[in-house]
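Nothing here was measured: the structure is a model prediction, and the numbers come from that model.
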Amino acid sequence: MKKSIKESNLVILKNSSIHHKGIFAKKAIQAETKVLQYIGEKISKQEGTKRAIAAIEKESESKGGVYIFELNDKHDIDGDVPYNLAKYINHSCTPNCKILKEKGQIWIQAIKNIETEEELTYNYGYDLEEFKDHPCKCGSERCVGFIVDEKLWYELGKLKTKYFLELGA
């Protein structure tokens with residue numbers, strides 16, 4: 001069994017102001033660099049859904065998370081393994097990384113130059129289905145308040161207005 005990893009040659013796991021733990025640059029990282037591979041157990045979509053539901057139920061009781069990542073139309077990667085350092089990369093509405101899927105692998109790739117000690121982030125790209133269950137704490141000036149794909153921000157704005165009106169806020 002592979003052991004728990006806390007750092008690589010480019011990054012290190014540290015406490016994060018965004019969400020518990022995060023991944024930080026040990027040295028400057030140039031734009032377009034493949035920083036970390038998102039690794040774990042390759043599972044079927046059906047198994048991925050089952051594990052995601054179980055993780056969501058467990059998450060409400062702990063500081064855990066859901067680490068199921070869509071690989072392709074047939075498979076997911078369950079990244080909830082101790083040797084997957086990439087699972088600690090937090091969401092941001094102003095990310096410095098993106099997801100790159102190529103040749104059956106998932107990579108976290110820098111989209112701009114990242115300074116030493118800067119936290120690595122990417123937009124998790126959630127849909128609007130259950131946006132209320134995913135509040136964002138990224139602290140970015142562009143933060144929209146929920147972890148949602150940037151392509152859906154306009155629609156999110158309309159839903160948020162309706163949501164807050166229903167709350168009487």
For [Y], does its backbone N or O pair with a side-chain atom of [X] as donor and acceptor, under 3.5 Å?
X	Y	answer
Asp149	Leu152	no
Trp153	Val148	yes
Asn96	Thr121	yes
Thr94	Ser140	no

Step-by-step side-chain contact (heavy atoms from CB on, under 4.5 Å) determination, Cys136 to His91: CA-CA 8 Å; Cys136 182; His91 163 86; 3.5 Å; yes
Minimum side-chain heavy-atom gap [X]-[Y] below 4.5 Å:
X	Y	result
His20	Asn15	no
Arg51	Ile68	yes
Lys34	Leu100	yes

What is the minimum heavy-atom distance between [X] and [Y], and which atoms define it?
X	Y	answer
Ser92	Cys138	CA-CB, 3.7 Å
Glu118	Asn113	OE1-O, 4.3 Å
Val11	Val35	CG1-CG1, 3.7 Å
Ile108	Cys97	CG2-CB, 3.7 Å
Ile29	Ala110	CG2-CB, 4.2 Å
Lys87	Asn84	CG-O, 3.1 Å

Would you call [X] and [Y] a salt bridge, using N to O less than 4.0 angstrom?
X	Y	answer
Glu150	Arg142	yes
Glu117	Lys14	yes
Lys98	Glu32	no

Between atom [atom1] of [X] and atom [atom2] of [Y], what is the distance when rounded to the nearest 0.5 Å?
X	Y	atom1	atom2	value
Leu71	Gln105	CG	CD	9.5 Å
Ile106	Asp76	CD1	CG	8.0 Å
Phe24	Thr116	CZ	OG1	13.0 Å

Phe146 ring center within less than 6.0 Å of His134 ring center: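 Ring centres of Phe146 and His134 not closer than 6.0 Å.
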Aromatic ring proximity, centroids under 6.0 angstrom, Tyr67 and Phe69: no
For the hydrophobic clusters of this structure (ILVMFWY residues joined by side-chain heavy atoms under 4.5 Å, transitively), does one cluster hold both [X] and [Y]?
X	Y	result
Tyr122	Tyr126	yes
Leu13	Ile39	yes
Ile53	Ile43	no
Ile18	Ile99	no
Leu36	Tyr124	yes

Inspect the surroundings of [atom1] in [X] and state if more than 12 heavy atoms from other residues, nucleotides or ligands are less than 6.0 Å away.
X	atom1	value
Glu102	CD	yes
Lys42	NZ	no
Lys50	NZ	no

Steps toward side-chain contact (heavy atoms from CB on, under 4.5 Å) verdict (Asn9, Lys26): CA-CA 7 Å; Asn9 62 334; Lys26 286 172 60 174; 5.6 Å; no
Full working for side-chain contact (heavy atoms from CB on, under 4.5 Å) between Asn90 and Leu120: CA-CA 7 Å; Asn90 287 311; Leu120 277 66; over 6 Å; no
side-chain contact (heavy atoms from CB on, under 4.5 Å) between Leu128 and Glu155, intermediate numbers included: CA-CA 8 Å; Leu128 293 171; Glu155 190 65 29; 3.4 Å; yes
Side chain to side chain donor-acceptor pair (under 3.5 Å) partner of Ser16, chosen from Glu119, Lys137, Lys21: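 Testing Ser16 for a side chain to side chain donor-acceptor pair (under 3.5 Å) against Glu119, Lys137, Lys21 leaves exactly one candidate, Glu119.
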